[in-house]
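Naming convention: chains lettered A, B, ... in sequence-line order (proteins, then strands); numbering from 1 in each chain.
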Protein chains: 2
Amino acid sequence: MAQRGRRGGGPTIYDVARAAGVAPSTVSRAFSRPGRVNAATAERVRRVADDLGYRANPLARALSTARSSLIALVVSDVANPFYSEIVRGAQAAATENGYTLLLADAQESGRVERGALERLLPAVDGFVLGGSRMSDSAIRVIAKQKPVVVLNRVVVDVPSVVPDNPGGIRRAVEHLSGLGHHQLTYLAGPEASWADGMRWRSLQDAAADLQLRCRRVGPATPDVPGGVRAAGELSGALPTAVVAFNDQLAIGLVRGLSARGVRVPRDVSVVGFDDIGAAALVTPALTTVAAPLHTEGATATRHLLAMVEGVQSRTGPPLVLPVRLVERGSTAQRRRNSTSPASGTTKVSPSARNASTSTDAGSR
Amino acid sequence: MAQRGRRGGGPTIYDVARAAGVAPSTVSRAFSRPGRVNAATAERVRRVADDLGYRANPLARALSTARSSLIALVVSDVANPFYSEIVRGAQAAATENGYTLLLADAQESGRVERGALERLLPAVDGFVLGGSRMSDSAIRVIAKQKPVVVLNRVVVDVPSVVPDNPGGIRRAVEHLSGLGHHQLTYLAGPEASWADGMRWRSLQDAAADLQLRCRRVGPATPDVPGGVRAAGELSGALPTAVVAFNDQLAIGLVRGLSARGVRVPRDVSVVGFDDIGAAALVTPALTTVAAPLHTEGATATRHLLAMVEGVQSRTGPPLVLPVRLVERGSTAQRRRNSTSPASGTTKVSPSARNASTSTDAGSR
DNA sequence: GGGCTGGCGGCAATCGGTTGCCAGCAGTTG
DNA sequence: CAACTGCTGGCAACCGATTGCCGCCAGCCC
């Protein structure tokens, strides 16, 4: 267990230099400036270094170059499966470029997040903020000091990467409309969430275009229990189709509904968002808008690295990543709602408006 | 976007020293050796530092103290939900002690893991190895250079933290035995897994004690698809009760079985291990041995920090953490197997047993 | 042969803290 | 009053790399 050497580390460039009979600067250059030293010398140095098991101390290097080759990915909750693939993507992009990814957990708290950021600030080359709980201005403060890319959110003047929320929602709405639903309920996530606002607005737009009506319930905490609770809220006036802010909420909703004897998708169709791993595992498997989680993480990271390496920091428009709808078992053809007698009403009764659109809906 | 100052960082102790009219060493001591400087001076320094927004550069500190206050948690796959709670626990224990947790992904490869370890070695104060894919001796090599704690595995001469595998398995076996099952099938995980060997051995022991017979199938890759495939393997000679190496495998098995028309728990009872979040979400909800994932992460981390701070590195026996059985919907009273005519072959005539306990089943 | 050029290696400063050692000073004691 | 002690603050040497600048030497040209 004895740590080798007086201090923590192994041999230094000084040890290598002595053993190779050269100056420390030569050793340094043999590694960092390949062409700068004579090939033969470099080779000898490298061999000696190898023998000694020399490994450059990244801390020392960071101190003099002001580059640590460390970047931090800050997520609102490490245990949230939503981040799993994002982390993987970021990890991959980081290592592929010779950087080490440091993962920090904000524990769903802006305060904690801020603390972590401050602590990390001098030690990393930049940040990817996934689902930040901080205010736009707080984010900009950080972005003034180190390169920052935000994920799943748009902050003015800070580069961001987001999934195509409007497109995804539209796809979901079209799908439900195609199944004969003409009223949609949106189960909202946290009010503070940028994505939630975006999705609700997109849902309204898409619904309007397709002449569907929509309402909104919530907000709910965006996890499974939150969805279960929401089932209670809904059971008063049962909708035929629900689009949930995210998959956890959708999964919880399905469970809550089932517990109340409501069958999914027979009585209610449910669509989630994100396509986390569990979405395919639950019963019925969840129809959901698949966000390219892995790609999001990788893209944001590559973007960050470009900022870290290039000096320029052009802040273009947000990078929007395409999504697709994954149709699984939680959505189905609308049946007349058990609560309403629902004889051949669709066209005529509630309003002329309904009538005019049901043909639309039917045609696709 | 302009990074303040010539270099990445903000003000240094030198700036603070000048502004406060003291020497840099005094500034340093005002922070790190509270009693060492006059209280009034310290206060003044601290105020000036505050005004300037001074923040100690952890890299510089690390360089001279050979302590980075960074510890790494290396997991075999960041996206594996098994690690979610472990990471959280570790994160909590680390921050609570003023350390920063760095999470590294081994991508299921001993080679990648080794690479990450080597790269991190000079930069961190120690490692927690969760589910290492490396050999015992490779781990010992690392442990010679920096403090290491291994999780879910026992390596001679290296401190380790493990769940009570034998206890958990015994609890599961007793549960199944109590439900009338008298033959158990163990669905094995990776052969290289220490935990897998442990669990299989424990199963044999427990089965022997309770006079049950047991067999083993697999190995399977310990994920959901692996479990689905295993269902095919099993369907030839359908068992009445299966204990899977972990929850993912169990979940996959249930899905695979269902796809083949086998009903769980009516035809086959399935027990998992770990109690990952998804275990409660699937249908039927999974009966499983709940490992104290959060506590494991926290305990291992605290253990590591003790090693980092205290000089001594006594390697006691592995730390074993208690587990408990969570009974959910995937296990039930044994019924006569549909493949066997099942007249009164076994001890009591299954029907009689069924009758006696079906009240039990009904009650939950 | 003198002067120039280019290649190569070394010196020493620097990054931002930490810390051993010393010096000044006040207060105490004999 | 001299000597001693304890409290404070400063000086300067690190930690382990990187890098600007300089000097040496060989080769080349005129």
*Asks:* Check the distance between D:dA17's P and A:Arg18's CZ and give it to me in whole angstrom.
*Replies:*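 Rounded to whole Å, this separation is 13 Å.
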
*Asks:* Classify the nucleic acid contact of B:Ser28 as base, sugar-phosphate or nothing, counting any heavy atom under 4.0 Å across all strands shown.
*Replies:*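 Result for B:Ser28 = base.
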
*Asks:* Of all the nucleotides listed (C:dG16, C:dT18, D:dT18), which has the minimum atom distance to the side chain of B:Ser32?
*Replies:*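 Ranking C:dG16, C:dT18, D:dT18 by closest atom to the B:Ser32 side chain puts C:dT18 first.
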
*Asks:* Please report the distance, rounded to the nearest Å, between CZ in A:Arg29 and P in C:dC8.
*Replies:*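 Atom-to-atom, A:Arg29 to C:dC8, this comes out as 12 Å.
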
*Asks:* Atom CZ of A:Arg61 to atom P of C:dG16: distance rounded to whole Å?
*Replies:*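 Atom CZ in A:Arg61 sits about 18 Å away from atom P in C:dG16.
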
*Asks:* Do B:Ile86 and B:Asn152 come close enough that some side-chain heavy atom pair is under 4.5 Å?
*Replies:*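 In contact.
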
*Asks:* Please check the phosphate of D:dC14 (OP1 and OP2 only) for any side-chain N or O of B:Ser64 closer than 4.0 Å.
*Replies:*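 B:Ser64 to D:dC14 OP1/OP2: no side-chain N or O under 4.0 Å.
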
*Asks:* Quickly work out the B:Ile13 CD1 to D:dA12 C1' distance and round it to whole Å.
*Replies:*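 Spelled out: CD1 on B:Ile13 to C1' on D:dA12 is 13 Å.
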
*Asks:* Quick one: does A:Thr100's side chain get under 4.5 Å of B:Leu120's, heavy atoms only?
*Replies:*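 Answer yes - side chains close enough.
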
*Asks:* For the side chain of B:Arg133 and the backbone of B:Ala106, is there at least one donor-acceptor N/O pair under 3.5 Å apart?
*Replies:*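 No; zero donor-acceptor contacts below 3.5 Å.
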
*Asks:* Looking only at side-chain atoms of A:Ala23, point me to the closest of C:dC11, D:dC15, C:dC15.
*Replies:*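 Between C:dC11, D:dC15, C:dC15, the one nearest the side chain of A:Ala23 would be C:dC11.
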
*Asks:* On DNA chain D, does the nearest nucleotide to B:Thr41 precede the nearest nucleotide to A:Phe31 from the 5' side, or the other way round? Give the residue.
*Replies:*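 Looking at DNA chain D, the more 5' nearest nucleotide goes with B:Thr41.
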
*Asks:* Is the phosphate of D:dG9 approached by B:Thr26 (side-chain N or O, under 4.0 Å from OP1 or OP2)?
*Replies:*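 Result: no.
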
*Asks:* How long is the line joining CZ of B:Arg33 and P of D:dC7, in whole Å?
*Replies:*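 Rounded to whole Å, this separation is 16 Å.
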
*Asks:* Is the shortest distance from a Lys or Arg side-chain nitrogen in A:Arg47 or A:Asp50 to a carboxylate oxygen in the other one below 4.0 Å?
*Replies:*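 A:Asp50 and A:Arg47: not salt-bridged.
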
*Asks:* Base, sugar-phosphate alone, or nothing: which one does A:Val22 contact when heavy atoms must sit under 4.0 Å apart?
*Replies:*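 Touches sugar-phosphate only.
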
*Asks:* How many whole angstroms separate atom CZ of A:Arg36 from atom P of C:dG7?
*Replies:*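 To the nearest whole Å, that distance equals 10 Å.
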
*Asks:* Check if the side chain of A:Ser25 and the base of C:dC11 share a donor-acceptor pair of N or O atoms closer than 3.5 Å.
*Replies:*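 For A:Ser25, whose side chain was compared with the base of C:dC11, there is a donor-acceptor pair (under 3.5 Å).
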
*Asks:* Would you mind reading off the distance between A:Leu59 atom CG and C:dG17 atom P, rounded to a whole angstrom?
*Replies:*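 My rounded result for the distance is 14 Å.
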
*Asks:* Look at the side-chain N and O atoms of B:Tyr54 and state whether any lies under 4.0 Å from the OP1 or OP2 oxygen of C:dG17.
*Replies:*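 Yes, B:Tyr54 has a side-chain N/O under 4.0 Å of OP1/OP2 on C:dG17.
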
*Asks:* Do B:Ser132 and B:Val150 come close enough that some side-chain heavy atom pair is under 4.5 Å?
*Replies:*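 B:Ser132 vs B:Val150: side chains apart.
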
*Asks:* Which whole-number value in Å describes the distance from A:Asn38 CG to D:dC25 P?
*Replies:*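 A:Asn38 atom CG is separated from D:dC25 atom P by 16 Å.
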
*Asks:* Of the options D:dG9, C:dG16, D:dG16, whose atoms approach the side-chain atoms of B:Val37 most closely?
*Replies:*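 Closest nucleotide to the B:Val37 side chain: D:dG9.
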
